[in-house]
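A short worksheet on the structure shown next.
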Amino acid sequence: MLSRSRQLKFVRRQVLGNHFGAFKKIWHRKLNTKSFFVNHEHKSHKDTRSESIFSNYQKVGLVSTITLASAILLFTQTTPLLKNDSVITRNAKIIIIQDDDDEEDDDTLEEDDSSDPKDFAAKDEIRRQKAIVNKPPLNTIFNINDFEYVAQQILPLQFKGYFATGSEDEVTLRENHYAYGRIFFKPRCLVDVADVSLSVSPFGGDSADSKWNFDAPFYITAFAGARGAHEDAELNLIRAAKKHNVAYMIPSMSSFPIDEVIEAGKSDDGLHHHASYLQMYLSTKQELDNFPDYLKKLQVKHDSIKAVFVTVDLPVLGNREKNFKYMALADPSSVDEPVDWTIDQKENPPLTWDDIVKFKNATKIPICVKGLQCKEDVAKAIELGLDGCVISNHGGRQLDYSRAPVEVLAETQKYLKEKNISLVKPGTNKQFEIFIDGGVKRGSDVIKALCLGASGVGLEI
Ligand SMILES: Cc1cc2nc3c(=O)[nH]c(=O)nc-3n(C[C@H](O)[C@H](O)[C@H](O)COP(=O)(O)O)c2cc1C
């Protein structure tokens with residue numbers, strides 16, 4: 001039997017070896033996304049030009065606008081994370097675009113030989129503070145992979161695992177993005193693209209009411225625990241969404257009361273609140289029973305909530321093994337008695353389609369389901385008169401070996417056509433909206449999803 005500290009050391013090796021060591025390989029080399037950041041000491045830099053399958057098309061503006069817009073949005077959100085701007089020595093960093101060496105070239109990869117878990121946490125904190133000071137300049141961060149890499153360096157140990165890991169072997173987490181890498185464009189030439197617009201009006205929008213059209217087809221998806229990254233959490237997210245006029249899906253497990261988040265999205269003239277979506281988890285019988293009433297009140301109280309998304313891919317919490325290992329690293333006592341996340345299903349009957357129909361009948365707010373994973377379920381949601389869905393597997397955090405949403409989306413569109421199922425709601429100018437999230441890392445991923453018929457694309461930032 002290993003001593004406690006040796007056990008933790010073993011876990012640490014597993015997590016760091018697996019996660020950070022493989023990080024470049026997983027996210028940068030295998031995906032052929034060749035940019036990442038290192039300190040200036042490293043000499044193996046070969047090329048400073050980024051490769052992009054879009055390079056010939058960027059003049060068109062569409063891709064670059066989406067990429068830039070997402071970068072701006074992410075910038076806005078990540079800035080508070082990346083404190084101490086003033087102490088950055090700009091020339092202390094070099095952006096590496098290509099690195100064929102197998103050398104492990106950053107501080108996170110250092111092996112820690114101490115057997116005391118407290119030592120490890122303390123050392124990690126020193127490393128983290130250094131990473132905050134040495135974070136790369138914002139104008140060298142172009143996509144979500146870049147942001148994630150920086151976040152991995154600067155997030156406190158106890159939140160790293162929560163934000164970044166998937167369930168079990170993380171096959172789905174990786175596949176969600178790899179699937180985008182298997183999709184290629186067939187661009188048509190000599191088309192007038194001088195005047196393109198990225199704006200969208202989901203759920204019919206309301207063209208007379210500009211606050212209800214969004215300037216981009218991507219939105220900030222719901223994620224609980226934002227406070228682990230910044231104290232202003234969801235307040236910052238809705239402010240950024242307002243500033244750039246994109247949708248924000250407020251999570252039911254928000255760190256702030258939902259009213260407060262909505263209030264933070266008030267326009268500068270104080271006349272209206274930023275149009276948002278609201279995500280809901282419903283696990284207990286009481287929550288299910290109360291939800292129709294909640295919806296009725298919500299409709300009266302907050303006209304800025306343009307759709308409610310009930311998350312349906314979390315009947316129980318996914319088996320997030322790597323996150324548990326991170327938790328053990330951050331706080332060894334946390335694993336002594338693992339938390340039981342399961343819900344007594346006899347006392348609390350699980351959510352079913354019947355419940356969703358009840359919700360739909362209780363309100364005029366569009367009701368959508370978040371977390372559908374096959375074409376048959378999308379067809380069922382349309383048939384039941386719902387207003388939309390998100391094809392999603394919770395970012396690979398729930399059922400490992402769920403399929404990549406972008407492939408399910410492609411199949412779904414084909415299926416709906418074959419079965420002659422229309423998205424347009426009879427007698428209205430509205431349509432069933434099919435959103436998608438999972439594995440979206442840059443503007444070209446967004447465009448691929450749109451080309452395959454998505455109404456909008458969720459980004460977990
Ligand atoms: C840290 C984290 C917290 C999340 N919290 C929620 C949540 O509270 N509600 C929800 O419906 N989905 C939640 N999700 C899932 C996201 O909304 C989204 O489906 C998923 O992250 C998309 O995959 P991606 O991370 O590859 O972009 C969370 C995801 C992450 C990574």
Side-chain angles (χ1 to χ4, degrees), residues 26-27 31 70 73-74 77 81 143-145 147-148 151-152 155-156 158-167 170-181 218-230 233-234 237 247-256 258 261 276-283 287 307-315 317-318 320 322-323 326-327 341 351 368-373 388-400 402-406 408-409 435-443 445-446 448-449 454 456-461:
I26 291 172
W27 290 114
L31 294 180
S70 68
L73 180 65
L74 291 163
Q77 291 319 311
L81 281 177
N143 54 55
I144 293 184
N145 282 328
F147 272 105
E148 283 181 352
Q152 275 295 334
L155 277 176
Q158 66 269 34
F159 298 116
K160 250 185 232 181
Y162 171 69
F163 281 118
T165 59
S167 55
E170 300 188 319
V171 172
T172 292
L173 182 142
R174 289 189 292 276
E175 178 63 8
N176 282 354
H177 183 65
Y178 288 171
Y180 280 101
F218 50 81
Y219 60 90
I220 307 172
T221 187
F223 68 101
R227 213 169 194 167
H230 190 273
E234 294 82 10
L237 292 168
Y248 172 40
M249 190 185 287
I250 303 169
S252 59
M253 290 177 70
S254 166
S255 347
F256 293 91
I258 285 164
V261 179
S276 307
Y277 303 144
L278 180 63
Q279 174 270 326
M280 270 293 150
Y281 280 131
L282 299 163
S283 352
E287 284 165 355
V308 168
F309 289 76
V310 180
T311 299
V312 296
D313 57 10
L314 203 142
L317 193 75
R320 302 176 189 172
K322 198 188 275 181
N323 186 31
Y326 267 104
M327 282 157 61
W341 293 95
L351 188 66
C368 310
V369 279
K370 175 175 181 289
L372 297 189
Q373 295 171 41
C389 72
V390 187
I391 298 182
S392 167
N393 53 38
H394 221 98
R397 296 159 72 77
Q398 282 298 107
L399 182 66
D400 204 14
S402 301
R403 293 186 50 224
V406 72
V408 177
L409 172 69
F435 299 92
I436 181 172
D437 72 27
V440 180
K441 301 294 176 190
R442 56 167 64 249
D445 297 339
V446 173
K448 288 174 188 179
V457 179
L459 306 180
E460 200 279 323
I461 54 175

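Read the numbers this way: they start at 1 and go in the same order the structure lists the ligands and their atoms.
R397 NE, 3.4 Å is the protein heavy atom nearest to atom 30 (C) of ligand 1. Atom 20 (C) of ligand 1 has its closest protein heavy atom at G395 N, 3.6 Å. Remark: minimum distance from atom 26 (O) of ligand 1 to any protein heavy atom is reached at G439 N, 2.8 Å. Among all non-hydrogen protein atoms, the one lying nearest atom 11 (O) of ligand 1 is T311 OG1, 2.7 Å. The nearest protein atom to atom 15 (C) of ligand 1, hydrogens excluded, is given as H394 CD2, 3.5 Å; this is a heavy-atom distance. Nearest non-hydrogen protein atom to atom 12 (N) of ligand 1 is K370 NZ, 3.0 Å.
Aromatic ring pairs are classed by plane angle as parallel below 30°, tilted from 30° to 60° and perpendicular above 60°; the pair Y219 and Y277 is perpendicular.
In terms of N/O distances under 3.5 Å, ligand 1 is not approached by N176. Considering both main-chain and side-chain atoms, A222 comes within under 3.5 Å of ligand 1 through a nitrogen or oxygen pair. Remark: ligand 1 and G458 share no N or O pair separated by less than 3.5 Å (distance only, no angle test). Considering backbone and side-chain N/O atoms, Y281 comes within less than 3.5 Å of an N/O atom of ligand 1. Checked against a 3.5 angstrom limit, the closest N/O atoms of D437 and ligand 1 fall inside it.
For atom 21 (O) of ligand 1, the nearest non-hydrogen atom from the set E460, Q279, M253 comes from E460.
Judged by distance alone, with hydrogens and angles left aside, the side-chain atoms of E460 form no donor-acceptor pair with the main-chain N or O of G458 at under 3.5 Å. Remark: the backbone N or O of F309 is not paired with any side-chain donor or acceptor of Q279 at under 3.5 angstrom. Formation of a donor-acceptor pair under 3.5 Å by the T172 side chain with backbone atoms of S402 is found in this model. The main-chain N or O of Q398 is never found under 3.5 Å from a side-chain atom of N393 such that the two would form a donor-acceptor pair.
Distances below 4.0 Å separate heavy atoms of F163 from the following atoms of ligand 1: 1 (C), 31 (C). Applying the 4.0 Å criterion to heavy atoms of S392 picks out, from ligand 1, the atoms 19 (O). Within ligand 1, the atoms closer than 4.0 Å to a non-hydrogen atom of T221 are 16 (C), 17 (O), 18 (C), numbered from 1 in the order shown.
Note that R397 lies in the cation-pi zone of Y162, set by a 6.0 Å cut-off to the ring centre and a 45° limit from the axis. Within the cation-pi definition used here (under 6.0 Å to the ring centroid, within 45° of the axis), R227 qualifies as a partner of F256.
The residue from D445, V390, D437, V440 that alone fulfils the side-chain contact (heavy atoms from CB on, under 4.5 Å) condition with V457 is V440.
With a 4.0 Å cut-off on non-hydrogen atoms, A224 touches ligand 1 through its backbone as well as its side chain. Contacts between M249 and ligand 1 below 4.0 angstrom, taking non-hydrogen atoms only, are absent altogether.
Judged purely by distance below 3.5 Å, without hydrogens or angles, the side chains of E170 and T165 never pair a donor atom with an acceptor atom.
The structure places CD of E234 at 7.0 Å from CZ of F223, a figure rounded to the nearest 0.5 Å. Note that CZ of F147 and NZ of K441 are 12.5 Å apart. Values are rounded to the nearest 0.5 Å.
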